[in-house]
Amino acid sequence: MSYVTIDQVTKKYENQVVLNDISITLNKGEFATLLGQSGCGKSTLLRSIAGLEDVDAGRILIDGKDITNLSPRQREVGMVFQSYALFPNMNVFDNIAYGLKMKKVKNIKSKVAKMIEMVDLAGKEESYPHQLSGGQQQRVALARALVIEPKVLLLDEPLSALDAKIRKSLQKELKRIQKELNITTIFVTHDQEEAMTMSDRIFVMNKGNVVQSGSPTEIYTTPVNTFVANFIGNYNVFKMDTFRKLVRSTELKGDEVAFRPEVLKLLPIGEESQDLQENWRLKGIIKDVSMTGNILRYEVESEDFSFHVDDLHHRGAIFDQGTHIQIILPKKECLFL
Amino acid sequence: MKSLLSFHKALVGLLVIYLLIPLIGTFLFSIAGKWDHTILPESYTMKWYIELFQDERFFDAFQRTLFLIVMSVGLSIVIMLPTIFIITVYFSKWERLLQAAAMLPYGIPPIVGAVGLIKLYSNSLIPIAGTPWILIGAYFITILPFMYQGIRNSLRTINAVQLVDAAELLGATKFQAFRTVVFPNIISGILVSTLLSVALLFSEFALANLLVGGRFETLQIFLADKLNSSGHLTSAIVITYYSVILLLTGTVLKLTFKNEKNPAGKKKNRVLSLLRKQSRDKKFALEGENS
Ligand SMILES: Nc1ncnc2c1ncn2[C@@H]1O[C@H](COP(=O)(O)OP(=O)(O)OP(=O)(O)O)[C@@H](O)[C@H]1O
Ligand SMILES: [Mg+2]
């Protein structure tokens, strides 16, 4: 029995279709991520679930109840906005207590105190939003959304305004809190790495459609089309006829071929160690090398085709620009789409 | 670097002098006894003020002007605040229309507007021609641009739409959201617009003169009348109402500045107590003057 059901939801602005017949189901306690490029409709879908946008067709159900036509305040969903939207005239305590006050709940003090503890903001109760750092504001926004015990938590790029380090630690913390409360969460991001580390399930969106859904591993290793391949793993994607020429093989089927940059291996010219039954071997030249932390990223050219190769950074084993090399491509790592 | 700074200082100094000289001149003239061939007055006297403060007409005119201002500014806030809020938050398509409408008063010279209004209402079913009510209506339009800009900018600055969204998701009704998270954050913006409007209306003459004239003598009409009898007296009038405006501005600016430094939850209370205090002061002043 699914906990959240989005059933054939369509949304248009003027004549532009922003959500095209979207169907999604989530289980209770699941951490789902909407992943896609800017403008693909992620926020619109989230706002539709929250009731901040009306949908043109379709239904939305939470815990078996049809909420499609309910106002936001009746939906029992919590939301954290990209810019937090904290109330500037209230301090941390009052911001977090706001929802409880509106719902006239008892024991406001102890509930807020517990929440403040959970998001690690003890001692900041009296501070105003403008006196907090970005990360702290983000925690307040999270606490404010969680304290009313919503059935579903919606997060619209809550970490995108923060720098990389704080972002990493807040990702962990967010995940911990989500597990602790076992709250069904829909998270929006356009950062594939963030989606990979946090999600139980990823929905990849493109131009108002969900193009693929699945666990991070599924999405990463078996993208269903070149859009997902490009977006998720920096896949190298080639048209099939050009690829046939490159590997001098005629019996390959499909329109396109995709392979991840880290399945390729670079060897110095003359070294013979790879099995040619299972690999293709190409001759190439290093066009560019860049280093992103522990990963070396090569741009390699072979017979006018260029592609990326990722390699772990082993000390001293860097091929310089202009070096001639052999490229080993394992056949079983190629996806024919 | 240093010379640039002193250049800036000199420039500001010049500007201040340029702005202050007419005021100082007016002030000096209002307390001058004999002032013919000298740079500064030869003798000083308070008799113009004494004469002014003993004149019932002055206080009546002052009260009428205050009445007009309070009515039109009050009406403007009561009508424009919800209108602008609703349009920016829920009907953003119509914002351009509202903006255009709010800017119209700039395009219509007061004389033209007044003549048009007189023509329109002289045979109208709504018998307000020649009464203060038509003037209140006209003033409402006059201050529209200030009120509109002030309120809209405040709403934009705080991103009111998103605050309302957030509040609604936390269980607030639209009205509760407005009252608890929008209004407290735009109050200082509204105060500034109000202040501008009050200052503007204090010195409004053309519309008042054409629409009601002597039938409802405002401060400016009284002033114009006195202009023929004594320049000293008119200077005293000007200085008096300038002082009132200055006092008002000072308090409001102090208030908004304080709010910015420490936007405590007591903000609303502070505004209220300030307003209460002001009205008390006003009553005090009026009582003192009447006795
Ligand atoms: N109020 C609106 N009126 C008209 N078009 C809109 C409106 N809001 C969004 N759109 C359009 O809908 C599309 C999807 O917008 P949405 O905000 O959902 O994108 P997004 O996936 O959240 O992008 P981002 O990652 O940049 O936040 C965009 O093409 C946008 O131009
Ligand atoms: Mg978005």
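On a predicted model such as this, the values are computed, not experimentally measured, just so you know. Chain letters run A, B, ... following the sequence lines, proteins first, then strands; residues in each count from 1.
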Can you confirm whether [X] is buried at [atom1], in the sense that more than 12 heavy atoms of other residues, nucleotides or ligands lie under 6.0 Å from that atom?
X: Arg167(A); atom1: CZ; value: yes
X: Tyr241(B); atom1: OH; value: yes
X: Lys124(A); atom1: NZ; value: no
X: Asp163(A); atom1: CG; value: yes

inquiry  = Which atoms of Arg75(A) are under 4.5 Å from chain B, going by heavy atoms: the side chain, the backbone, both sets, or neither?
reply    = neither

message = Could you walk me through whether Leu52(A) and Leu169(B) satisfy the side chain to side chain contact (heavy atoms under 4.5 Å, CB included) test, starting with their C-alpha distance in whole Å, then the side-chain angles of each, then the deciding distance to 0.1 Å, before giving a yes or no?
response = CA-CA 9 Å; Leu52(A) 301 172; Leu169(B) 278 166; 3.9 Å; yes

query = Are side-chain heavy atoms of Pro88(A) and Val181(B) found at a separation under 4.5 Å?
reply = no

inquiry  = Counting only non-hydrogen atoms closer than 4.5 Å, can you tell me which residues of residues 93-102 of chain A sit against chain B?
reply    = Tyr98(A), Gly99(A), Met102(A)

Value rounded to 0.5 Å, distance of [atom1] in [X] from [atom2] in [Y]:
X: Lys103(A); Y: Leu170(B); atom1: NZ; atom2: CG; value: 7.5 Å
X: Asp165(B); Y: Glu53(A); atom1: CG; atom2: CD; value: 8.0 Å
X: Asn89(A); Y: Ile187(B); atom1: CG; atom2: CD1; value: 11.5 Å

key: Leading residue by heavy atom contact count with chain A [cutoff under 4.5 Å; candidates Asn159(B), Thr180(B), Ile158(B), Val182(B)]   = Thr180(B)

key: Sequence-distant partners of Gln74(A), side chain to side chain donor-acceptor pair (under 3.5 Å), two or more places apart   = Ser71(A)

Residue selection (most heavy-atom pairs with chain B, distance under 4.5 Å) from Glu126(A), Arg47(A), Arg73(A), Arg144(A) = Arg73(A)

